[in-house]
Amino acid sequence: MNLPREILINLFHEMLRIHKVQLRIESLYHLDEMKTPIHLCIGQEAVAVGVCAHLRKDDYITSNHRGHGHFLAKGGDLKAMIAELYCKETGCSKGRGGSMHLVDVAVGHFGSSSIVSGGIPIGTGLGFAIKRQKQQRVSVIFFSDGAADEGVLYESVNFAILKELPVIFVYENNQFSVCSHISSRQWGELIFHAIPREKMFTQIVDGNSIMDVFEVAKIAVDRARQDQGPSLIECKTYRMRGHAGSGSDAKLGYRTAEEIAAWEAKCPVTLFRHQLLSEQVLTEQEIAEMDRDIEAEIEAAFRFAQESALPREEDLPLYLFKE
Amino acid sequence: MNLPREILINLFHEMLRIHKVQLRIESLYHLDEMKTPIHLCIGQEAVAVGVCAHLRKDDYITSNHRGHGHFLAKGGDLKAMIAELYCKETGCSKGRGGSMHLVDVAVGHFGSSSIVSGGIPIGTGLGFAIKRQKQQRVSVIFFSDGAADEGVLYESVNFAILKELPVIFVYENNQFSVCSHISSRQWGELIFHAIPREKMFTQIVDGNSIMDVFEVAKIAVDRARQDQGPSLIECKTYRMRGHAGSGSDAKLGYRTAEEIAAWEAKCPVTLFRHQLLSEQVLTEQEIAEMDRDIEAEIEAAFRFAQESALPREEDLPLYLFKE
Amino acid sequence: MPWSKVKPEYDEPDFYQQSEENLRRVTYPQAIREALDQALALDDNVFVMGQGVDDPSGMFGATVDLHKKYGSQRVFDTPLAENGLTGIAIGAALGGMRPVYFHNRPDFLLLTMDQLVNHASKWSYMFGGAVNVPLVVWACIGRGWGSAAQHSQALQGLFMHVPGLKLVMPSTCYDAKGLMLAAIADGNPVIILEHRFNFKHKGFVPENLYQVPFGKGIVRKEGKDVTLVAISHMATEAFKAAEELAKEGIDAEMIDLRTLRPLDEEIILTSVAKTGRLVIADTGWKTGGVTGEIAALVAEKGFPSLKAPVRRVGSPDVPTPAGYTLERAFYMGMPEILQAARELVGWTR
Amino acid sequence: MPWSKVKPEYDEPDFYQQSEENLRRVTYPQAIREALDQALALDDNVFVMGQGVDDPSGMFGATVDLHKKYGSQRVFDTPLAENGLTGIAIGAALGGMRPVYFHNRPDFLLLTMDQLVNHASKWSYMFGGAVNVPLVVWACIGRGWGSAAQHSQALQGLFMHVPGLKLVMPSTCYDAKGLMLAAIADGNPVIILEHRFNFKHKGFVPENLYQVPFGKGIVRKEGKDVTLVAISHMATEAFKAAEELAKEGIDAEMIDLRTLRPLDEEIILTSVAKTGRLVIADTGWKTGGVTGEIAALVAEKGFPSLKAPVRRVGSPDVPTPAGYTLERAFYMGMPEILQAARELVGWTR
Ligand SMILES: Cc1ncc(C[n+]2csc(CCOP(=O)(O)OP(=O)(O)O)c2C)c(N)n1
Ligand SMILES: Cc1ncc(C[n+]2csc(CCOP(=O)(O)OP(=O)(O)O)c2C)c(N)n1
Ligand SMILES: [Mg+2]
Ligand SMILES: [Mg+2]
């Protein structure tokens, strides 16, 4: 696929930005100032970026506990996200949600659930609202293999096809749910790939290849926008860090150092970086500038978060209901 | 398939018996002595009989609200079933369950749920117990298209394949859930038919043909008994009466009189009756004798039920727990 | 099944003399249906979903033929898949719609607890008010004719424990319509639990579009000797009990709470301050449910005025039995309320 | 996440002086693990399942390495699919096995309410005792470090309302082992709700195989001025409060209920008959939950001996907030119990 330079650069920039945000969070987590359980998406940057690149501000996404990448790729406010990790009043969820519960209605992010699979039917319902209101929008649902264990996926896929909803199920198959390999939980390939293409477009892609994800996501998004029904994209990828918290978890022994190393070599950001350099889309220097700009933005976001005020104890009762 | 005469006769006898029991219940229901919601299986006799013909007394079944046929085909005690419909202390559930909640542990019937799909994981778990205890048993799960809407079916099928359980999912597709046609609830064919045969044997059969059901059920039961894993048999059939209570519901208009008539012509009992007569397996006179014997048995069962004592109010607290 | 045999038609006492000018009386299902009809006409974003809402019997009459008037886009049948469909309704609500999701029985809500309790009830709070879920979930408590353990549960005791949900239980045709309209207008998840017996009611219902506010109970009969607090079908039973007691010279005050979340604490405490005696009646299990919370409320905040122990009338702690002799022993009602009130009035240390 | 920062190690007071001969002290997770180990060794039909039971951290240590000792047939990881797996566990139990199903958090039990409440709790009753379900479901209440609304729910208030379930909430290492062994030996569905903070405990645990009976609370400290009733982590807080009160000259009696279903009514009523004052402390939401039921019990059956209003210490009626400043306001404990007890002792009409 031959893409205009600015698109390529933008894709790289988004991935690099997410990657760097994750690294910064990780590097500061040991200070215990972010008192919230974090789930880093290092290694999975291409999925969120490749899909969201096709989305408009008023399209919808629903996300899960590992949602930093989804949030940022959809255009969520970085300052508000970091402030949420610090549980500050200026956080996107006013410090009530923490890392697993991000929201940014302004960009169509209606909240991430830390109940695995919880966001799947909700995203399907957002697609239903789009259809009923005859909007040209798309609802994208991000979930991983643990969520694919849950029957609610079967129920949601059925409804999405039944009502021909503009919903895209983005299955980030990183093969693990905490320390359980998918093979100890599922008998084989996701059965929904057997659904006839005219009912639901489904495809398996290399989730670490931004180009592959981008290409297939385009088909799905166009389909949804033209009211041609739902799609399911399975992105084979890998979580580079431990399930929760910071650092590698190789020591736990549920996956081999070799396996981790093999995937490290497939880092989506590095791969794309090399591609863009070799194709001379970008120069080392341009990338270095990009690095600097992103670092500065991240620096500012963390300063904003650290300087923001904490929620006041007396405000505990607020926000239970919309009055 | 060439079957020994006694098997053919037995299959016919079982279907005829279930059919007659249903008719008798229906003919007496208006008296309001059976104060329990009934769900007749008239038109679906071949499914229960064709499958259970291969089961031993110590094999398991789980059933649903429309469970009279399953109960009787598995060898459940007719007297105890009728007494349960009269809510008597002599009922199989001591009058605590009613028509939707039959049980007969002596023949491997561990109770029917009136929560649609509720019995599916339970039957799967019975299969798990069989496997762990290295028994040569089979666990059969009866459910209909409404239950196929539920995600717990997806979860149960996955687990049955994952653990290679001796479970047979018997899908009685009578096309309706109360008044809702399956097409208003599901996008198309059951997706599990796409599962590779070596993982799970699946087949669609004419549920009104006792021979077809019998033949395919044999494959599934043999497979399970030889610990070769689960199967799913979809039996296309039709409910001749209203969803609940007695009599036709043609007047409701959610299905046409023509459709009902067309299926009436495919009554599994009548069809098989003609076959056995034309193939001279049975004579009119032998069938007449069969009729008489069955009528007598039913007569006795109803007398037993009517004459049995009602549960005593002071016994309300009993049976909550096993002490 | 012949429900007619389970409870006869019931003509509600006219609790609303004030409105002489318009005394139109309609049936309970008609009252609900009228609320839905008016809401559907008023707001394009309102829709009605649920297994069987478009079938000939239309939810015991509450939704009958609405699909013919508003089309299958706005009034439609659903797959069973209750948990998934609840999440879908939540998503639709987040997307600007106003779903009203019908279930035959509360028993089926147990399949939806993840989406109702983990999601709908928390969505506004967990995101600091950035989002809200205008969702109405409706279910009708079954009773009699051997409905048995899985088709007759009165689960308000569970939902009353969950912050972020509103819980509505009408007892009159007037409230059934007004509370449904208030629920649809509310910006938050509301659960309406009806009782199958109420569907036999005929009562006063204005034709206009009106709302009955949440958190406001109503005194159905004033009295000074003992307070009877009840909801839904038990309010009907308690009112009958109050009339009986009057014949015995016991002047009971009867309060219909109408909503359990929010709960009208004031109306209860004010009444107990006057009577000093409290009987609470609920259709749910006695232990750990509605009667417990209300008794605790008074033991905490109304203690000084209590002249006698609190009495709770609730279902025995067993699943509902199918058999009618056992049903007779299982279900509480007017006689038990009567008995409890008599005991309290006669009570001395 | 650094739980160590959330609660420090806690050395349990020795509630069991009687057993001088054997004062082996082990950690809370070790106590549970020992119970499982002994049950697995004793009965081939016992098995342990759940998402993560065989992972390196082994349910906070409670199941660690058991799969290595007993094999993946008897200690195995499961798909998430919580509702399906609960039904599968019920079926396995009906087939003669004794499943112990572990969940990280009670929040996930909300996905299983259909199988737990519509099925497991009713199976024996609904079939007139023809069948029974020996099933143990275990989950650990999370707290702190921004666990937030979906990973910290204390849902005992829901389960306490359901007949047919037994509900266990240990507060000591001794009880954690003895109640687990009693649960596995029981022929009925038992839910064990642990508290994450208890896992920091170290306490006396006999090596032998013993059971702590259900429905028997225990007086952790005798007293005559006020009764403190609590469970699980709140029992630890209440005990500390009782010790504080002693310094102030207030002689509090502290009762640890250990199980909520069955509930030891007698131990509560006997104590209140003596003290006339009651504070109830629970980790769950205040409204419609455990504290309400116990307060109601006393308002009903202990009224004559009550000298003051009942006080309930429970969580405010909001979802758990993530932020630590808000967590501070949300979580109740020793200070609130202390305050309530002081008020009651000072209370006059
Ligand atoms: C319904 C439910 N069950 C269990 C959990 C506990 N849990 C939290 S995260 C997680 C892993 C989920 O794995 P997956 O869906 O593959 O997402 P990933 O961590 O790989 O991004 C689990 C099991 C949960 N949050 N929700
Ligand atoms: C979980 C659940 N949802 C809804 C119902 C209400 N209900 C009772 S029977 C029935 C029809 C079920 O249809 P199907 O599974 O096809 O069985 P059939 O009646 O055709 O034998 C429904 C919807 C229920 N009992 N359980
Ligand atoms: Mg994963
Ligand atoms: Mg059907």
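Owing to the predicted nature of the structure, the values given are computational and were not obtained by experimental measurement. Lettering of chains follows the sequences in order, A, B, ..., and the numbering in each one begins at 1.
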Exercise. Do D:Phe159 and D:His161 have ring centres separated by under 6.0 Å?
Worked result: no
Exercise. Is the distance between the ring centroids of A:Phe192 and A:Phe169 less than 6.0 Å?
Worked result: no
Contacting region of [X] [heavy-atom separation from chain A under 4.5 Å]:
{"X": "D:Phe108", "result": "side chain"}
{"X": "D:Asp317", "result": "backbone"}
{"X": "D:Leu85", "result": "neither"}
{"X": "D:Glu82", "result": "both"}
{"X": "D:Thr325", "result": "both"}

Problem set entry | Engaged part of A:Leu316 at the chain D interface, taking heavy atoms whose separation is under 4.5 Å | both
Problem set entry | Per-residue contact mode, A:Met34 against chain D (heavy atom under 4.5 angstrom) | backbone
Seminar exercise, completed: Heaviest contributor of heavy-atom pairs below 4.5 Å to chain D, chosen from A:Ser93, A:Ser113, A:Ser99, is A:Ser113
For this session: Quick one: which of A:Ala148, A:Ala147, A:Cys179 has the most heavy-atom pairs under 4.5 Å with chain D, could you say?
Result: A:Cys179
For this session: For the residue pair A:His70 and A:Ser63, confirm or rule out a side-chain donor-acceptor distance under 3.5 Å.
Result: yes
Exercise. A:His39 pairs by ring-ring contact (aromatic ring centres under 6.0 Å, His included) with which of A:His68, A:His243, A:His101?
Worked result: A:His243
For this session: Return the orientation label for the D:Phe60 and D:Trp138 ring planes: parallel under 30°, perpendicular over 60°, tilted otherwise.
Result: tilted
For this session: Test the A:Lys79-A:Tyr86 pair against the cation-pi criterion, namely NZ or CZ under 6.0 angstrom from the six-membered ring centroid and within 45° of the ring axis.
Result: no
Problem set entry | Over-ring placement of D:Arg143 relative to D:Tyr331, 6.0 Å and 45° cut-offs | yes
Exercise. Partners of A:Asp149 by salt bridge (charged side-chain N to carboxylate O under 4.0 Å, His left out), sequence neighbours excluded?
Worked result: A:Arg185
Problem set entry | Toward chain D: residues of residues 308-315 of chain A with heavy atoms under 4.5 Å | A:Leu310, A:Pro311, A:Arg312, A:Glu313, A:Asp315
For this session: Report yes if some heavy atom in the side chain of A:Ser114 is under 4.5 Å from a heavy atom in the side chain of D:His151; otherwise report no.
Result: yes
Exercise. Can you tell which of D:His233, D:Gln156, D:Glu237 makes a side-chain hydrogen bond (donor to acceptor under 3.5 Å, both in side chains) with D:Thr283?
Worked result: D:Gln156
